[in-house]
4 protein chains.
Amino acid sequence: MTKDKLIQAAIANFAEFGYQGATMSKIAKEVGIKPASIYYFFDNKEALFKEAVKVILAHHFSSMKKTYHLQKEENLHTLFSELLRSILVHHTTFQNETKAYVTMVNSPISNIKREITAYLQRYNQWLVGQLMHTISAKHPELKEEKISSLIDYFIFIGNGLFWGLSFTKKMN
Amino acid sequence: MTKDKLIQAAIANFAEFGYQGATMSKIAKEVGIKPASIYYFFDNKEALFKEAVKVILAHHFSSMKKTYHLQKEENLHTLFSELLRSILVHHTTFQNETKAYVTMVNSPISNIKREITAYLQRYNQWLVGQLMHTISAKHPELKEEKISSLIDYFIFIGNGLFWGLSFTKKMN
Amino acid sequence: MTKDKLIQAAIANFAEFGYQGATMSKIAKEVGIKPASIYYFFDNKEALFKEAVKVILAHHFSSMKKTYHLQKEENLHTLFSELLRSILVHHTTFQNETKAYVTMVNSPISNIKREITAYLQRYNQWLVGQLMHTISAKHPELKEEKISSLIDYFIFIGNGLFWGLSFTKKMN
Amino acid sequence: MTKDKLIQAAIANFAEFGYQGATMSKIAKEVGIKPASIYYFFDNKEALFKEAVKVILAHHFSSMKKTYHLQKEENLHTLFSELLRSILVHHTTFQNETKAYVTMVNSPISNIKREITAYLQRYNQWLVGQLMHTISAKHPELKEEKISSLIDYFIFIGNGLFWGLSFTKKMN
DNA sequence: GATGAATGAGCTTTCATTCAT
DNA sequence: TATGAATGAAAGCTCATTCAT
């Protein structure tokens, strides 16, 4: 469908050029239509990118949720390392989406910026909640304080991995 | 000096709006001159931002170096936590520069992108080299492999801190 | 019938936005169809508005003629004041059409402009003819010159009434 | 000065094509510059036309005021006919401005519409006030009611003259 | 009769840049 | 040093129109 192709092209262009740098012309050309035709599907550039953001975040979340459920049964060490591995795999496989989303955090459209930061917070809370529950079930002997500190640790490592992936490597 | 004020304004605008979003007009207005006057000091927008990038990276490096030297004498634990603290302090104090530099990594000007990724690599190498040296001096009993893994650990945590700082917090 | 509804919608839109401001989309939406469907009934925008103009002018003329015939029997004073009253009633009742027609006089489509000015002239001539005939029949003692001047007078007042109605009052 | 030339060109174009029909390109071409250059003098199309409106209304008012003062000394009959003559002369001499202003009454920009109707009201009030004063001074024997009715009469004739001028004649 | 999808032409506007002063 | 005036290029967007279905 043209509409879906447009969203994919938007993601690719946003990733490569940022919001201001991505142009309706380039996106249209990538899909094989003329710029004016985009307006049949989306009200304007902002609307197109809002939908693109939704797609990216939904994809990210479903990806993370899937991994988490797959690994719930394992021991702690395996759980952690598999989660990190899945972060790495997701962001490596969908480089476009990750780059787009990093760029979007600094989007000039405050709604988008807000939506993404809100998503990041929700995601973090969800992750912390899940880990809290799983760890305390497997290790009833650990104090909540200790678990909390473990999770912070994990989050730091995850973020570091993400950041390292995003910029020190080949994601250009 | 007007030229320095222009660079500062450029950093601020780049940080807030990205390369494409930052305009010569806005930068000029911030300095209190007219857009045409910028061209007396810089050949073009790209040149202005190249200088801005240089200033940011130099500042970052001198800041990191200073902390490192201050903390060299301490024990390992203190060294690590003070380094992390100084990363935090630097990026919190110079939010503008950090935001500009995150934005610049995705700059549409490949020279700038290249320069920054090159800097990040050099910086990382430098940091790894320093830590390697310091740690092996203080703990001759540790195998190089072990040290290397410790350092990776530290880098991950540092990156995670940086990323968390940049986006999950208030850097808007 | 859809075609008639389109003409009415066209009149309303032309009245409110002028020829350039009225869009096929807005007209279609008002009728509850899609823009493309208009082209089943009319060749293009110009054709649609030409038909709208015809409807308005025919309506105006039949309205004026009716009043004239109703009042022919009365004395001069009553005739004049009733005619003025009927001008007022017509333009107040069919504000849309009047506004559309004022706008159309300045239409960028010279055919329409020409048609309307031609109509106004024909209408004026008809009115003058009718009045001439009626007055000279009722007042054989009046010289033609005197009658002519009386009629001019009446026309001026009628125009003034029309103009005042159109713009100094509530026709917004 | 370019700015003044722009306003004159705007008036001419607005008169000929209406607000939507007048384009920045045509206006620019008429002045001998490129469309982009207009934005050095005016923020946008709306701002340009707001200034054009101001110029037209100010010109109209000063023109009317001048005539009125010139004729104050004469007897009533002369006063009235000279005023009508000056309305005629003004609108014939500055056809452009008159056409622009008739078009603007139906402007899609509600601010402009409002400003003009407000002006028309103020102008009418001013005229009524002036006439009231002058007539009652010259003819103390007339009852206010009678004077008021005389003035209405005059206004009607003036409007009719204006309307007739605007549309039944050659103002195309 | 009606419409989904597409487009060409043209619009307003922005912006980096130039250049004479 | 600084700027007023101008511009080319390109952006986002609108709209009348077409055409296969």
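Note that the coordinates shown come from a computational prediction; the quantities given were computed from them, not determined experimentally. Note on naming: letters A, B, ... go to the chains in the order of the sequence lines (proteins, then strands), and numbering restarts at 1 for each one. Atom set for the values below is all heavy atoms of this structure, side chains included, hydrogens, waters and symmetry mates excluded.
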From [options], nucleotide with atom closest to [X] side chain:
{"X": "B/Ile33", "options": "F/dT3, E/dC15, E/dA16", "answer": "F/dT3"}
{"X": "B/Tyr39", "options": "E/dA16, E/dT3, E/dT13", "answer": "E/dA16"}
{"X": "D/Pro35", "options": "F/dA2, E/dT13, F/dC19", "answer": "E/dT13"}
{"X": "C/Thr23", "options": "F/dA16, E/dA6, E/dC15", "answer": "F/dA16"}
{"X": "A/Ala36", "options": "E/dT12, E/dA2, E/dG8", "answer": "E/dG8"}
{"X": "D/Lys45", "options": "E/dC19, E/dT12, F/dA6", "answer": "E/dT12"}

To the nearest angstrom, how far is [X] atom [atom1] from [N] atom [atom2]?
{"X": "C/Asn44", "N": "F/dA16", "atom1": "CG", "atom2": "C1'", "value": "9 Å"}
{"X": "A/Ile38", "N": "E/dG4", "atom1": "CD1", "atom2": "C1'", "value": "17 Å"}
{"X": "B/Phe42", "N": "E/dT18", "atom1": "CZ", "atom2": "C1'", "value": "18 Å"}
{"X": "C/Lys5", "N": "E/dG1", "atom1": "NZ", "atom2": "P", "value": "12 Å"}
{"X": "A/Met24", "N": "F/dG12", "atom1": "CE", "atom2": "P", "value": "6 Å"}
{"X": "A/Tyr19", "N": "F/dA11", "atom1": "OH", "atom2": "P", "value": "14 Å"}
{"X": "D/Tyr40", "N": "E/dT17", "atom1": "OH", "atom2": "C1'", "value": "15 Å"}
{"X": "B/Phe49", "N": "E/dT17", "atom1": "CZ", "atom2": "C1'", "value": "15 Å"}

Exercise. With a 4.5 Å limit on heavy-atom distance, are the side chains of D/Glu46 and D/Lys50 in contact?
Worked result: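 D/Glu46 vs D/Lys50: side chains touch.
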Exercise. Is there a side-chain contact between D/Asp43 and D/Leu48, using heavy atoms and a 4.5 Å cut-off?
Worked result: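 Not touching, per the 4.5 Å side-chain cut-off.
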Exercise. Hey, does the Lys NZ or Arg CZ of D/Lys45 hover above the aromatic six-ring of D/Tyr19, less than 6.0 Å from the centre and inside 45° of the axis?
Worked result: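 Yes, D/Lys45 lies over the aromatic ring of D/Tyr19.
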For this session: Taking the six-membered ring of A/Phe42 (Phe, Tyr or Trp), confirm whether the NZ or CZ of A/Lys3 is under 6.0 Å from its centre and within 45° of its axis.
Result: yes
Seminar exercise, completed: Tightest non-hydrogen contact, residues A/Leu57 and A/Glu115, listed as CD1-O, 4.5 Å
Problem set entry | A/Thr2 vs E/dA6: side-chain N/O to OP1/OP2 distance below 4.0 Å |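 So the side chain of A/Thr2 is within the cut-off, an N or O lying under 4.0 Å from OP1 or OP2 of E/dA6.
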Exercise. With pairs taken as Watson-Crick or G-U wobble and both distances under 3.5 angstrom, which stems of at least three consecutive pairs involve DNA chain F?
Worked result: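 The stems are E:2-21 with F:2-21.
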Exercise. More 5' along DNA chain F: A/Gln20 or C/Lys26, using each one's nearest nucleotide?
Worked result: A/Gln20
For this session: Nearest-nucleotide wise, let me know which of D/Phe41 and B/Ser37 is further upstream toward the 5' end of DNA chain F.
Result: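 Its nearest nucleotide lies further toward 5', so the answer is B/Ser37.
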For this session: Looking at every strand, decide which applies to C/Ala22 at a 4.0 Å heavy-atom threshold: base, sugar-phosphate, or nothing.
Result: sugar-phosphate
Exercise. Is A/Ala28 touching bases, backbone alone, or none of the nucleic acid, heavy atoms closer than 4.0 Å?
Worked result: nothing
Exercise. On a whole-Å scale, what distance lies between the C1' atoms belonging to E/dG1 and F/dT21?
Worked result: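 Each nucleotide's C1' atom is 13 Å from the other's.
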Problem set entry | Pair A/Glu30 + A/Lys26: basic N to acidic O under 4.0 Å |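 So A/Glu30 does not pair with A/Lys26 through a salt bridge.
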Exercise. Hey, would you say the B/Phe94 and B/His60 ring centroids sit under 6.0 Å apart?
Worked result: no
Exercise. Does a sphere of radius 6.0 Å around CD in C/Glu16 hold more than 12 heavy atoms from other residues, nucleotides or ligands, not counting ones at 6.0 Å or beyond?
Worked result: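 Counting neighbours around CD of C/Glu16, 12 or fewer heavy atoms of other residues, nucleotides or ligands fall under 6.0 Å, so no.
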